[in-house]
Amino acid sequence: MPGTVEPRLLRGLRDLMPAEMHARQWIIDTVRRVYETYGYVPLGTPALEFLDILRGTAGEESEKQLFEVAGPEETRLGLRFDQTVALARVVAQYPDVPRPFRRYQVAPVWRCDNPYEKRGRFREFIQFDIDAVGVESEVADVEMITAMCDVMAAFGAAGPAGRPLPFRVRVSSRRVLNLLLPYADIAPERAPDVFRVLDKLDKLGAEKVRLELTTGYKDESGSPVPGLGFSGSQVDRIERFLAIRAPRRTDVLAQVADLFRDVPGAAAELEPLARMSAQLAALGYGDDVVVYDVSIARGLAYYTGTVFETELLELPEFGSVCSGGRYDDLVLRFLGERVPAVGTSVGVDRLLVALTELDRVPPAVRRKATAQVLVTTFDKSLMDEYVAMTYELRRAGINTELYLGTEKRVGKQIRYADQYDIPVVVVCGSDEKARGEVQLKDMSVGRRLTAEVKDREQWKAERPGQFNVPRTELVSAVQRLLRVIGGGST
RNA sequence: GCCGGUGUAGCUCAGUUGGAUAGAGCGCUUGACUGUGGAUCAAGAGGUCCCCGGUUCGACCCCGGGCGCCGGCACCA
């Protein structure tokens, strides 16, 4: 039809239909329960920020991914790409907020990069952050790591019984990475380039990392990857660093200490990591769930200390579902005062994709309805009665929908309940009304029988899962039925 | 940004070596059944064949350009 607007979405943006939204809310609820056990408090900030607030915090790459928005009166705005920058702004803007300020925030963020939905990468997605601002102690870093572990454990417990969710948090430190610079005689301004390449070790392998550090190479698509032009002895030292790897955290630290034994101040930088490891161990977070891995650098430019990311062992190629680190200088931009902070972020939508892929989202979570009961409107002259029944059920705490469509035939209304997976249907026509009864229909019975019943007459004769109860017992009978069938409420 | 693939009904896709009114399955609507979901049967609605230009008597098909989508790479908070 000419003149109509084609309904469409920008690449990487999605509509989430009710079942998908229920699943997302399940993720959020589960994470929030864990975060609140740690005592974090909620914060909300706008999706839009001034461009100069967003810019210059997270490095060149992030700026390329910024969604710019035209504001009124020539103001230049952007959609937030994370929640941490806004948190730093809030801390600077409200100096009377008592510190430590430990907040959680769950909200969409926007990044204009290439979406890849199979790996849970979108241009608009929900992140669920916790951050502790004004905290120097590495106990806060430990808290971040254990919170990540506890979140993963919660999803293991919520999934299919007896199947814990295997995961691993990999931890490193920018301060330890920085020791590599004097050790390998690398100028400080080259550090971001070097760290970016180190981070690729897992994905590219040692050979390509070596090439990228020296002469560069052409990748599979023929695009040139520029080399960083380091000398052979520099690359040798970088590779010796990258070779550090051990299942036990204490062994990793020992190897780092040995490698950097001649670097001034190295021992002092390693002490906090040693204390963290001991604490983690004392709390029951062993070498199997938290590993030290010096190749973790993370791209985000604002990290200054500990960095960590979480991977699901059953989806090794998927990437991190939860990551973060310490950023002691982010507030400095706004306040001129150094405020130490550490935080971590669950990629809610990414985690949902992963758990779906692993078939670990309980089916009941992905429901299409919130209603437990549909009251049909069979006979319009009885409408007052239908409304009354609906509110009786609602006031008893039962999620109830009154059929408000135009369809008169009760069969179509039942079909509507079927399409939305509403588990119980109330039918009351003039016959029932005259007898002082209502009819309850357990939808699951018909669904179960549908495979067996071949003949329509038989189907009609059986009227599966239906029974009548006195009108006065409507609420108690529905409650009983919902208990028996498990109700669809959460 | 690079490489490859692809674009036909709401969805999944067939098709025409360039020829007249463009097809299937699923889904949707209606009815058989005006008081009951499924199945069955019947009927119906639904298309600028991605866009622009070119070649041709004639283009959904061939050619050129563009755009979208999918996959891979790069990048990734």
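Quick note: numbers below take in every heavy atom, side chains included, and nothing from hydrogens, waters or symmetry partners.
- Residue A:Gln466 places no side-chain atom within donor-acceptor reach of the base of B:G35, judged by atom type and a 3.5 Å distance cut-off alone.
- Checked against A:Phe195 for a side chain to side chain contact (heavy atoms under 4.5 Å, CB included), the options A:Leu177, A:Val307, A:Ile296 give a single hit: A:Leu177.
- Summarising the geometry, the separation between CZ on A:Arg409 and C1' on B:U29 is reported as 11 Å, rounded to the nearest angstrom.
- When the C1' atom is compared between B:A22 and B:G47, the two are found 9 Å apart, to the nearest whole Å.
- Here A:Glu432 lies in heavy-atom contact (under 4.0 Å) with a base.
- No donor-acceptor contact under 3.5 Å links the side chain of A:Arg111 to the base of B:C76.
- Atom CG in A:Asp82 sits about 15 Å away from atom P in B:C76, given to the nearest Å.
- Between A:Arg14 and A:Glu124 there is no salt bridge, since none of the side-chain N atoms of the basic residue sits less than 4.0 Å from a carboxylate O of the acidic one.
- Using a 30° and 60° split on the angle between ring planes, A:Tyr403 and A:Tyr416 fall in the perpendicular class, above 60°.
- For the pair A:Arg350 and A:Phe318, the cation sits on the ring face: its NZ or CZ lies under 6.0 Å from the ring centre, inside 45° of the axis.
- Judged by atom type and distance alone, A:Gln413 does not reach the base of B:U36 through any side-chain donor-acceptor pair under 3.5 Å.
- Look at the C1' atom in both B:G46 and B:G38: the space between them is 26 Å, to the nearest Å.
- For A:Met17 and B:G10, the CE to P distance is 17 Å, given to the nearest whole Å.
- B:G4 is paired with B:C70 under the Watson-Crick or G-U wobble criterion, all donor-acceptor distances under 3.5 Å.
- Along RNA chain B, the nucleotide closest to A:Trp110 and the one closest to A:Phe378 are compared, and the more 5′ of them pairs with A:Phe378.
- A donor N or O paired with an acceptor N or O is found under 3.5 Å between the base of B:G1 and the side-chain atoms of A:Asn114.
- Across the protein-nucleic acid pair, A:Lys408 atom NZ and B:C33 atom C1' stand 18 Å apart, rounded to whole Å.
- Comparing A:Pro115 and A:Gln127 against RNA chain B, the residue whose closest nucleotide sits nearer the 5' end is A:Pro115.
- Taking atom P on both nucleotides, B:C50 is separated from B:U12 by 15 Å, rounded to a whole Å.
- With C1' as the reference atom, B:G1 and B:A14 are 36 Å apart, rounded to whole Å.
- Look at the P atom in both B:G37 and B:C28: the space between them is 15 Å, to the nearest Å.
- Between A:Phe155 and A:Trp26, the angle of the ring planes goes over 60°, which puts this pair in the perpendicular group of the 30/60° scheme.
- Within 4.0 Å of A:Asp129, counting heavy atoms only, lies no atom of the nucleic acid at all.
- For A:Arg415, a side-chain nitrogen or oxygen approaches OP1 or OP2 of B:U29 to under 4.0 Å.
- Straight-line distance from the CD atom of A:Gln439 to the C1' atom of B:G35: 9 Å, rounded to whole Å.
- Between A:Lys368 atom NZ and B:G37 atom C1' there is a gap of 13 Å when expressed in whole angstrom units.
- A salt bridge between A:Glu407 and A:Arg409 is present, with a side-chain N of the basic residue lying under 4.0 Å from a carboxylate O of the acidic one.
- Here B:U29 sits opposite B:A43 as a Watson-Crick or G-U wobble pair (both hydrogen-bonding atom distances under 3.5 Å).
- If you check B:G23 for Watson-Crick or wobble pairing at under 3.5 angstrom, you find it paired to B:C13.
- For B:G37, the base has no donor-acceptor partner in the side chain of A:Lys412 [N/O atoms by modelled type, under 3.5 angstrom].
- Counting non-hydrogen atoms under 4.0 angstrom, A:Arg11 reaches the backbone sugars and phosphates but no base.
- Rounded to whole angstrom, the span from the OH atom of A:Tyr416 across to the C1' atom of B:U36 amounts to 17 Å.
- A gap of 30 Å separates the P atoms of B:A42 and B:C49, to the nearest Å.
- Distance check on atom C1': B:C57 versus B:A20 gives 14 Å, rounded to whole Å.
- If you take atom C1' in B:U21 and the same atom in B:U6, they sit 29 Å apart, rounded to whole Å.
- A:Ser430 comes within 4.0 angstrom of a base, heavy atoms only.
- You'll find the side chain of A:Val478 reaches within 4.5 Å of the side chain of A:Leu440, heavy atoms only.
- Note: CD1 (A:Ile414) to P (B:G38) measures 10 Å, nearest angstrom.
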